[in-house]
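Atoms within a ligand are numbered from 1 in the order they appear, just like the ligands themselves.
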Amino acid sequence: MANRYKSDLTWDDVTPEGIFLIRRKFIAGAAALGMGSIAGPAMASKYSTDEEPNTWEEITSYNNFYEFGTGKGDPKEHAHMLTTAPWPIEIGGLVEKPGTYDFTEIMNEMTVEERIYRFRCVEAWSMIIPWNGFELADLLNFVGVKPEAKYVAFETLVRPEEMIGQAWNTVPWPYREGLRLDEAMHPLTIMATGLYGKTIPNQNGAPMRLVVPWKYGFKSIKSIVKITLTDTQPPNSWNQILPNEYGFYSNVNPKVDHPRWSQASERRVGGGLFAKRIPTLMFNGYEDEVASMYEGMDLRKFY
Ligand code: MTE
């Protein structure tokens with residue numbers, strides 16, 4: 001029996017990205033044979049980029065997650081201390097069904113799919129990340145948004161016993177973020193729960209983190225425990241810390257430099273020491289999908 005599964009796979013192929021690449025080839029083959037439907041949820045989403053994804057190792061060892069320290073390697077080193085089950089999430093404010101929902105309860109209601117997105121940090125590095133997740137709109141519709149709601153506020157867990165970076169006041173804890181309701185309801189906006197088809201590692205924001213691919217990475221708040229629908233613009237941590245450097249909207253924009261560095265280009269993580277920087281795209285390459293939400297805003301200005 002074992003022979004049936006024998007192939008020319010090497011140990012290297014049996015990494016999450018090895019399996020992922022094999023599956024991608026299978027999907028391409030199935031699509032060529034007109035068998036697209038059998039691939040079901042593994043079919044590439046129309047929102048996914050076909051750029052080559054970063055490796056599992058790169059995505060999970062070069063992180064920003066100040067709850068575990070400010071170094072890029074700190075989250076991987078310390079995030080194993082975080083317990084993610086049970087994981088109650090308080091959803092309230094201007095919603096029809098406010099309450100505390102456990103993560104598992106939410107997952108039973110949501111449809112998870114793969115989204116391969118560009119990810120651009122405000123520090124001018126970038127990656128291509130194969131997320132698994134569900135549309136935030138599905139969760140908001142599940143709890144029912146009241147007509148008066150205009151914004152969505154998010155908060156990360158505060159648990160200094162498990163999040164050792166919270167011993168320092170680098171951020172006024174909890175880490176907070178917010179979106180305008182139309183941004184939150186946009187089909188590109190997801191709650192990521194996986195990477196490369198596996199459960200999302202703690203350092204990437206387990207069990208559930210926001211991903212808003214046309215905005216700088218700091219908007220994509222990790223390990224969310226509270227979601228509040230409001231009628232006023234909520235605070236966001238980096239804007240609170242350095243209001244002249246980080247705005248509320250924070251859409252990726254190569255024409256608006258950070259006060260201390262250029263945003264015109266970016267360094268793709270994993271490209272090696274001598275790799276050329278690549279030009280940063282307006283709205284991180286999602287202009288066709290999202291620009292209409294910002295009509296009337298001057299794209300040369302800082303928001
Ligand atoms: N969420 C929380 N709770 N704490 C953080 O420090 N850092 C943000 C964002 N979400 C951060 C956070 C920043 S600056 C970036 S660039 C991304 O997470 C990094 O996500 P990644 O480590 O999965 O690449």
Could you tell me whether [X] and [Y] have a side-chain N and a carboxylate O separated by less than 4.0 Å?
X: Arg260; Y: Glu245; answer: yes
X: Arg115; Y: Glu135; answer: yes
X: Glu148; Y: Lys150; answer: no
X: Lys72; Y: Glu123; answer: yes
X: Arg118; Y: Glu51; answer: yes
X: Arg159; Y: Glu67; answer: no

Protein heavy atom at shortest distance from [atom]:
atom: atom 7 (N) of ligand 1; value: Asn64 O, 3.3 Å
atom: atom 1 (N) of ligand 1; value: Lys222 N, 3.1 Å
atom: atom 4 (N) of ligand 1; value: Glu67 OE1, 2.8 Å
atom: atom 6 (O) of ligand 1; value: Tyr66 N, 2.8 Å

- Message: Check for me, please, whether Met282 and Phe119 land in the same ILVMFWY cluster - side-chain distances under 4.5 Å, paths through other members count.
- Response: yes
- Query: Met163, Met81: one ILVMFWY side-chain cluster at the under-4.5 Å cut-off?
  - Reply: no
Hey, which atoms in ligand 1 end up nearer than 4.0 Å to a heavy atom of [X]?
X: Cys121; result: 16 (S)
X: Ser220; result: 9 (C), 10 (N), 18 (O)
X: Asn63; result: 21 (P), 22 (O), 23 (O)

- So, is Gln203 polar-close to ligand 1, with some N/O to N/O distance under 3.5 Å? no
- Message: Does any N or O of ligand 1 fall below 3.5 Å from an N or O anywhere on Tyr62, backbone included?
- Response: no
- Item | Pick from Phe119, Tyr175, Trp131, Phe154: the one approaching atom 24 (O) of ligand 1 most closely through a non-hydrogen atom | Phe119
- Query: So is Arg209 close enough to ligand 1, meaning a heavy atom under 4.0 angstrom away?
  - Reply: yes
- Message: Once you restrict to heavy atoms under 4.0 Å, what part of Thr156 touches ligand 1? Side chain, backbone, both or neither.
- Response: side chain
- Item | Residue portion contacting ligand 1 (non-hydrogen atoms closer than 4.0 Å) for Lys219 | neither
- Item | Parallel, tilted or perpendicular: ring planes of Phe68 versus Phe65, cut at 30 and 60 degrees | perpendicular
